[in-house]
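One structure is given here, and the rest of the page talks about it.
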Protein chains: 2
Amino acid sequence: MNTEHRSGCPINLSLEVFGDRWSLIILRDIIFGGRRHFRELLNGSIEGIASNILADRLKRLMELGLLTKADDPSHKQKAIYSLTEMAITLVPIMAHLGAWGRVWLPVSEELSIRAELLEKGGPPLWDRFMDELRHEHLGAPVKTPPGTATVRRQLQAAYEAVVARKPQATAG
Amino acid sequence: MNTEHRSGCPINLSLEVFGDRWSLIILRDIIFGGRRHFRELLNGSIEGIASNILADRLKRLMELGLLTKADDPSHKQKAIYSLTEMAITLVPIMAHLGAWGRVWLPVSEELSIRAELLEKGGPPLWDRFMDELRHEHLGAPVKTPPGTATVRRQLQAAYEAVVARKPQATAG
DNA sequence: CGATCTGCTTGCATGTTGCAATCAGTTGCA
DNA sequence: TGCAACTGATTGCAACATGCAAGCAGATCG
């Protein structure tokens, strides 16, 4: 690990953590895609990350304290990656990044529906989502009332609804 | 300009814009430092950007629509860089990045006071600041009542106060 | 026992970065 | 007029990062 810093500016230090083309993408897939294994991250990546880059970034993110790694009891060679609180608190930043991208960049409809819902839900939704992640990744007790649809499932359902609607829109 | 995108995901597209180690640093210096010229950005950079990288990033940010360039009437070879609305709307993201960095990373006190104030001020302060930037960079009319201290000046004053206090703290 | 899956590494070609030096044109001053 | 300082860049070069394809050893399944 390189422990030298260019400056003590918070924006700079944040950029030193995820100011590259892959780190946030990996965290995004873990946070919103629910991926926990190396292969899931590798094969599920729509951006097509290379395996050596993925391995390098996972290692880096662990060293930086954003991820932890544990054995998967179902398979002795499988590893489960978990978010730390440090990574979970990136949810608002992800939401803002998504909102900004939706306004200014050529986003695709199906991939931006999640960002749209996250933006509309605002901080209350982000908090709910972060609590879910804490439960999932840190084993924290669930705070949401039982039976409530999880935020990730809501986002996923909305995504699938857009995908399902797409061919109809083309046909009609 | 590379117009190929890895995916239409808003987070990914945002990362393609400023997912590198310098673009946001440059925008930060323009937004919070009020720097408008090449030399100001080059010599004022605490992170020590190289001139070729600066030239490259300024060009890139212009092509991406985050900056515009105009002649400085006082000097035929001087250029003035201005933020576009696209760049001004990054203020909330900067604020969140700063807030996150302040919590999790080894920030220095004097360089994080701005982030602290920005966080405490919340969206209302960000909006005021963005209006100031619109006035400064886009020639928009000022919305704040006359006589109000500008947000940038407030942040700058707070920074200088911390710097001035520092030697005392060491001595006493 | 062999096919497949696991996380991860290696080799290699290419692209990006950072540093120092340098560029030509502009300006201010003597 | 002469000349140093300053303007926004550009160049050469070494180091580093990236992406792709192939390969690794151990675990699991049938």
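Residues B/Thr150 and B/Glu136 are not in side-chain contact: their nearest non-hydrogen atoms beyond the backbone lie 4.5 Å or more apart. In this structure, the side chains of A/His37 and A/Ile80 come closer than 4.5 Å at one or more pairs of heavy atoms. Proximity of B/Leu83 to B/Leu66: side-chain heavy atoms (C-beta onward) are nowhere separated by under 4.5 Å. In this structure, B/Gln154 and B/Arg128 have side chains that are in contact, with non-hydrogen atoms separated by less than 4.5 Å.
Of the inter-residue distances, the one linking A/Leu111 atom CG with B/Ile11 atom CD1 reads 10.5 Å to the nearest 0.5 angstrom.
Residues A/Arg36 and A/Arg6 each lie close to DNA chain C; by heavy-atom proximity, the contact nearer the 5' end of the strand is made by A/Arg36. DNA chain D is contacted by both B/Met62 and A/Pro73; B/Met62 maps to the nucleotide lying nearer its 5′ end (nearest heavy atom per residue).
The residue B/Lys69 sits close only to the backbone: its heavy atoms come under 4.0 Å of sugar-phosphate atoms, none of a base.
Here the side chain of B/Ser112 pairs no donor or acceptor atom with the backbone of B/Val107 at under 3.5 angstrom. Using a distance-only test at 3.5 Å, with no hydrogens or angles considered, a donor-acceptor pair links the side chain of A/Glu16 to the main chain of A/Arg6. Judged by distance alone, the side chain of A/Trp100 and the main-chain N or O of A/Leu105 form no donor-acceptor pair under 3.5 Å. Judged by distance alone, the side chain of B/Glu132 and the main-chain N or O of B/Val151 form a donor-acceptor pair under 3.5 Å.
Shown for residues 20-29 of chain A: no residue has heavy atoms falling under 4.0 angstrom of DNA chain C. Listed by residue number, B/Phe38, B/Arg39, B/Ser51, B/Asn52, B/Ala55 are the residues of residues 38-57 of chain B with a heavy-atom contact under 4.0 Å to DNA chain D.
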| request: Go through A/Asp72 and A/Arg36 one step at a time and tell me if the salt bridge (charged side-chain N to carboxylate O under 4.0 Å, His left out) criterion holds. | output: CA-CA 10 Å; A/Asp72 185 330; A/Arg36 307 293 294 269; over 6 Å; no
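Distance B/His37 NE2 to D/dT7 C1': 10 Å, rounded to the nearest Å. To the nearest angstrom, P of D/dT7 lies 16 Å from CG of B/Asp71.
With a heavy-atom cut-off of 4.0 Å to chain B, the contacted part of DNA chain C has its first and last nucleotide at C/dT17 to C/dT27.
The aromatic ring centroids of A/Tyr81 and A/Phe38 lie 6.0 Å or more from each other.
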